[in-house]
Amino acid sequence: LIMSPMSENFRSSYYGTLGVSSVAVVKPPSSLDVLFKAEILDVVKLKSICLQHPLTTFHRPLVWKTILGVSPTANNEATRIYVKEQRKQQLEDLKRCLKFVSREPAGTTPSPEEFSLLYLIEKNRLLVSKRAEHTDLCAIAKPFIKLFPADEDAYWLFSSFAAMWETEMESSDLVSL
């Protein structure tokens with residue numbers, strides 16, 4: 001579908017047919033754009049902006065990665081690439097470990113069960129985990145697999161979120177005692 005200039009900005013085209021010149025409105029950069037251009041990203045401000053405004057589809061992955069600690073807060077491309085490569089390598093190591101432990105070939109697409117087992121290996125709890133814990137982790141993994149097409153992004157966001165969730169659950173258990 002190719003859009004004509006008139007359909008892209010109907011109002012300006014319509015005013016032009018009436019002989020009225022309109023002034024093009026330049027949209028100011030969003031507060032997220034300004035925040036992401038800073039040398040060091042302020043996570044507290046980022047969280048505040050996210051609570052006050054909806055996220056665009058463009059910003060959502062970067063915001064999630066930053067808030068959950070998957071991406072570094074330094075606005076340096078070399079640092080981001082290095083961290084991404086390290087996380088990719090670490091995930092491959094976890095997958096090799098899972099393949100060795102389970103003796104089953106890993107699927108080509110990630111599954112919530114695989115993410116749950118990888119997480120338990122990462123946290124050194126594979127042999128002592130309970131079935132309910134595995135089920136809970138699978139439920140947490142499903143949305144990350146659907147929302148993030150890259151396996152590395154999906155896994156590390158899931159892993160960070162699951163760790164935060166477990167910490168929250170442990171602290172609420174301590175309060176209820």
Side-chain angles (χ1 to χ4, degrees), residues 1-3 5-13 15 21-95 109-112 114-116 118-123 136-172 174-175:
L1 177 69
I2 299 173
M3 298 182 77
M6 184 169 171
S7 63
E8 286 179 17
N9 191 346
F10 174 78
R11 184 172 289 135
S12 294
S13 297
Y15 286 153
S21 62
S22 62
V23 177
V25 178
V26 177
K27 184 179 175 186
S30 74
S31 47
L32 280 175
D33 291 331
V34 172
L35 197 59
F36 281 120
K37 287 182 182 170
E39 194 171 315
I40 302 289
L41 194 75
D42 186 343
V43 178
V44 174
K45 282 184 184 177
L46 180 61
K47 288 177 182 179
S48 175
I49 290 170
C50 291
L51 289 172
Q52 296 171 7
H53 305 285
L55 289 176
T56 63
T57 307
F58 174 76
H59 287 112
R60 192 171 294 126
L62 188 54
V63 169
W64 274 75
K65 289 178 197 177
T66 305
I67 288 177
L68 289 174
V70 174
S71 287
T73 55
N75 194 5
N76 178 332
E77 192 62 28
T79 303
R80 288 188 186 280
I81 291 170
Y82 176 76
V83 169
K84 186 174 179 120
E85 287 301 316
Q86 291 299 307
R87 291 206 180 266
K88 186 176 184 177
Q89 184 61 45
Q90 190 177 359
L91 181 59
E92 290 303 316
D93 291 345
L94 288 169
K95 285 181 178 181
T109 59
S111 68
E114 179 185 13
F115 273 21
S116 174
L118 290 172
Y119 178 78
L120 292 171
I121 290 171
E122 177 191 356
K123 300 301 179 186
D136 290 344
L137 290 171
C138 287
I140 294 170
K142 283 180 187 176
F144 288 100
I145 291 170
K146 287 181 182 176
L147 289 173
F148 297 94
D151 291 359
E152 301 87 34
D153 291 342
Y155 177 74
W156 290 113
L157 287 164
F158 153 74
S159 177
S160 296
F161 186 87
M164 288 173 58
W165 174 74
E166 287 181 337
T167 302
E168 189 63 33
M169 294 303 289
E170 288 171 6
S171 67
S172 67
L174 291 175
V175 171

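Closest heavy-atom contact between Asp151 and Lys95: OD2-NZ, 3.6 Å. Nearest heavy atom pair, residue Val83 against residue Val70, reads CG1-O, 3.8 Å. Closest non-hydrogen pair, Arg60 versus Leu55, comes out as NH2-O, 3.1 Å. Contact between Pro143 and Ala139 at its shortest, heavy atoms only, is CD-O, 3.3 Å. Nearest heavy atom pair, residue Lys142 against residue Pro112, reads CG-CG, 3.4 Å. The shortest non-hydrogen separation linking Ser159 to Glu122 is OG-OE1, 2.9 Å.
Note: Tyr155 and Phe115 have perpendicular aromatic rings, judged against thresholds of 30 and 60 degrees for the angle between ring planes. Between Phe144 and Phe161, the ring-plane angle classifies as tilted under the 30° and 60° cut-offs.
By the 6.0 Å contact criterion, CD on Gln86 is enclosed, its count of non-hydrogen atoms from other residues, nucleotides or ligands being greater than 12.
Residues Asn75 and Phe36 are not in side-chain contact: their nearest non-hydrogen atoms beyond the backbone lie 4.5 Å or more apart. Between Trp64 and Phe148 the shortest side-chain heavy-atom distance falls below 4.5 Å. With a 4.5 Å cut-off on side-chain heavy atoms, Glu152 and Arg87 do not count as touching. With a 4.5 Å cut-off on side-chain heavy atoms, Trp165 and Asp136 count as touching.
For the atom pair Leu68 CG and Asp153 CG, the distance stands at 11.5 Å (nearest 0.5 Å). Note that CG of Leu35 is 6.5 Å distant from CG of Asp42, once rounded to the nearest 0.5 Å. Distance OG/Ser31 to CG/Leu46: 9.5 Å, rounded to 0.5 Å. Thr56 OG1 to Leu62 CG: the interatomic distance, rounded to the nearest 0.5 Å, is 10.0 Å. Leu32 contributes atom CG, which lies 12.0 Å from atom NZ of Lys37 (distance to the nearest 0.5 angstrom). Distance check, rounded to the nearest 0.5 Å: OG1 of Thr73 to CD of Glu39 gives 11.0 Å.
Checking Glu166 against Tyr119 by side-chain atom types alone, a donor-acceptor pair falls below 3.5 Å.
In terms of modelled atom types and a separation under 3.5 Å, the side chain of Ser160 and the main chain of Leu157 share no donor-acceptor contact.
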